[in-house]
Amino acid sequence: MSSLLRTLDVPALPGLGAIQLRAGHAGAQRIVRWPYVAENRSFTPWIKGGELVFITGIGRHHSVDNLFELLYEGATAKVAGLVILTGDAYIGRLPAALLRLADQHQLPLLEQPYSLPMVTVTEVIGRAIVQREQLAWRETEARASSLLEKLQLRIGDVEARAEFIAPWFAEHQTLLQQLAPTIDAWLRHGGNVSAAAAALGSHRNSVRNRLDRLFRVTGLNPANPTDIYNLILAHVLLHEPITTPDFGDFP
């Protein structure tokens, strides 16, 4: 999504013009998931990937040699980039060898003066991430080709959708997963068991038995429109339909 915040966008954010992208330009299109200020010698245990990691200079944990270790660590952890704070009291300038190594690994390496408050930097970046994610979400929703697709996007990924239907199907979601092909075929053929069986290459009685089990275990009534609507909604939220169902008239 082009509207998401990329590493190369950070110096252009309001008030962050003092930050410079010094090396690793080839990887500067990486998406910034969130800013993270490294307080320990190693940061891998505390990140998920995609963070813009801030190194606050030479101190208790960070030496010049450790900067090289952190760059290797950042490349392995797939962070969005490293931002090293520089100033007379700590690192006066970034070693040329460090810049070359960042270019080699295509890992964005940025420089930030100590005079620029971290609270300002993280607040500006955090706000930009949220705003751009919201914009990207609206753009994605606008491209939805159906109301169903828009609803799926609005709720979230499959895990979020499973949580959404949990109050009605929490203990039966495994069964819905197992019988998804049967349910899909049955819905696509308007509740016609024979047509669903033919589409599945199964015997009519086998499909009927699966459906009987579904309604028996879930307590849904195939003659109750509300129960059928709930089943349809749960099914299409959890699975991408093979084709657009022709629901027709159910027995």
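The shown structure was predicted, so the numbers you read here are calculated from the model rather than taken from an experiment. We use all heavy atoms of the structure for the numbers below, so side chains are in, but hydrogens, waters and symmetry mates are not.
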Leu82 vs Leu110, test: side chain to side chain contact (heavy atoms under 4.5 Å, CB included). Steps then yes/no.
CA-CA 6 Å; Leu82 295 182; Leu110 300 95; over 6 Å; no
Thr44 OG1 to Leu70 CG distance, which is reported to the nearest 0.5 Å
8.5 Å
Spell out, as yes or no, whether a donor-acceptor pair under 3.5 Å connects the side chain of Gln177 to the backbone of Gln173.
no
Under the side chain to side chain contact (heavy atoms under 4.5 Å, CB included) criterion, do Ile84 and Leu98 qualify, and how do the steps go?
CA-CA 11 Å; Ile84 300 179; Leu98 187 69; 3.7 Å; yes
Which atom names give the shortest non-hydrogen contact between Ala23 and Leu99, and what distance separates them?
CB-O, 3.4 Å
Do Val83 and Glu111 have side-chain heavy atoms sitting under 4.5 Å apart?
no
Under 3.5 Å, is there a donor-acceptor pair between the Thr86 and Gln112 side chains?
no
Any side-chain heavy-atom pair from Pro108 and Leu21 closer than 4.5 angstrom?
yes
I want to know whether Phe215 and Trp186 have ring centres closer than 6.0 Å.
yes
Taken to the nearest 0.5 Å, the spacing of Gln134 CD from Arg138 CZ works out to 6.0 Å
Determine yes or no for a side-chain-to-main-chain donor-acceptor pair under 3.5 angstrom, with Glu51 supplying the side chain and Gly49 the backbone.
yes
Where do Ile19 and Val121 land on the side chain to side chain contact (heavy atoms under 4.5 Å, CB included) test, with the steps shown first?
CA-CA 10 Å; Ile19 297 177; Val121 175; 4.2 Å; yes
Atom CD in Glu69, atom OG in Ser42: separation rounded to 0.5 Å?
9.0 Å
Let me check something: do Leu231 and Tyr229 share a hydrophobic cluster, defined by ILVMFWY side-chain heavy atoms less than 4.5 Å apart, either directly or through other members?
no
I'd like to check Tyr36 versus Phe54 (side-chain heavy atoms, cut-off strictly below 4.5 Å). Are they in contact?
no
Heavy atoms only: give me the nearest Glu139-Ser3 pair and the separation to one decimal.
OE1-OG, 3.3 Å
Side-chain (Asp184) to main-chain (Ala180) donor-acceptor, under 3.5 angstrom:
no
With the side chain counted from C-beta on, respond yes when Pro11 and Leu16 share a heavy-atom pair under 4.5 Å apart, and no when they do not.
no
Heavy atoms of Phe164 and Pro167 approach each other most closely as O-CD, 3.4 Å
Taking Arg161 first and then Asp157, would you say they form a salt bridge - that is, a charged N and a carboxylate O separated by under 4.0 Å?
no
Which residue, Leu179, Asp212, Thr182, forms the side-chain contact (heavy atoms from CB on, under 4.5 Å) with Val207?
Thr182
Test of understanding: clusters of I, L, V, M, F, W, Y form through side-chain heavy atoms closer than 4.5 Å, transitively. Do Tyr72 and Leu67 belong to the same one?
yes
Shortest non-hydrogen contact from Val193 toward Arg208
CG2-NH2, 3.3 Å
Backbone N/O of Asn221 and side chain of Asp227: donor-acceptor pair under 3.5 Å
yes
State plainly whether one hydrophobic cluster holds both Leu135 and Trp34, where clusters connect Ile, Leu, Val, Met, Phe, Trp and Tyr through side-chain heavy atoms under 4.5 angstrom apart.
no
Taking Ala185's backbone N and O only, do any of them form a donor-acceptor pair with His189's side chain (distance below 3.5 Å, no angle check)?
yes
Out of curiosity, Asn230 CG to Ile165 CD1, how far, rounded to the nearest 0.5 Å?
10.0 Å
I want to check something: taking the side chain as every heavy atom from C-beta on, are Leu237 and Gln152 in contact at a cut-off of under 4.5 Å?
yes
Under 4.5 Å between side-chain heavy atoms, counting indirect links through other Ile/Leu/Val/Met/Phe/Trp/Tyr residues: same cluster for Phe68 and Leu109 or not?
yes
Are Arg6 and Asp9 close enough for a salt bridge, meaning some N to O gap below 4.0 Å?
yes
Residue pair Thr7 / Gln29, side-chain donor-acceptor N/O under 3.5 Å
no
What one should report as the nearest heavy-atom pair of Pro113 and Ala18 is CD-O, 3.5 Å
Please evaluate residues Trp168 and Thr218 with respect to the criterion side chain to side chain contact (heavy atoms under 4.5 Å, CB included), reporting the C-alpha separation (whole Å), side-chain torsions for both, the decisive distance (0.1 Å), and the verdict.
CA-CA 9 Å; Trp168 292 273; Thr218 62; over 6 Å; no
Between Pro222 and Ile228, the two heavy atoms sitting closest are O-CG1, 3.6 Å
Nearest-0.5 Å distance, NE2 of residue His25 to CD of residue Gln106
12.5 Å
Among Ile31, Leu52, Val32, Val130, which residue satisfies the side-chain contact (heavy atoms from CB on, under 4.5 Å) criterion with Leu5?
Val32
d(Leu13 CG, Arg127 CZ) to nearest 0.5 Å is 10.0 Å
Without swapping roles, check the side chain of His105 against the backbone of Leu107 for a donor-acceptor pair under 3.5 Å.
no
Answer yes or no: is there a donor N or O on one side and an acceptor on the other, between the side chain of Glu73 and the main chain of Phe43, under 3.5 Å?
yes
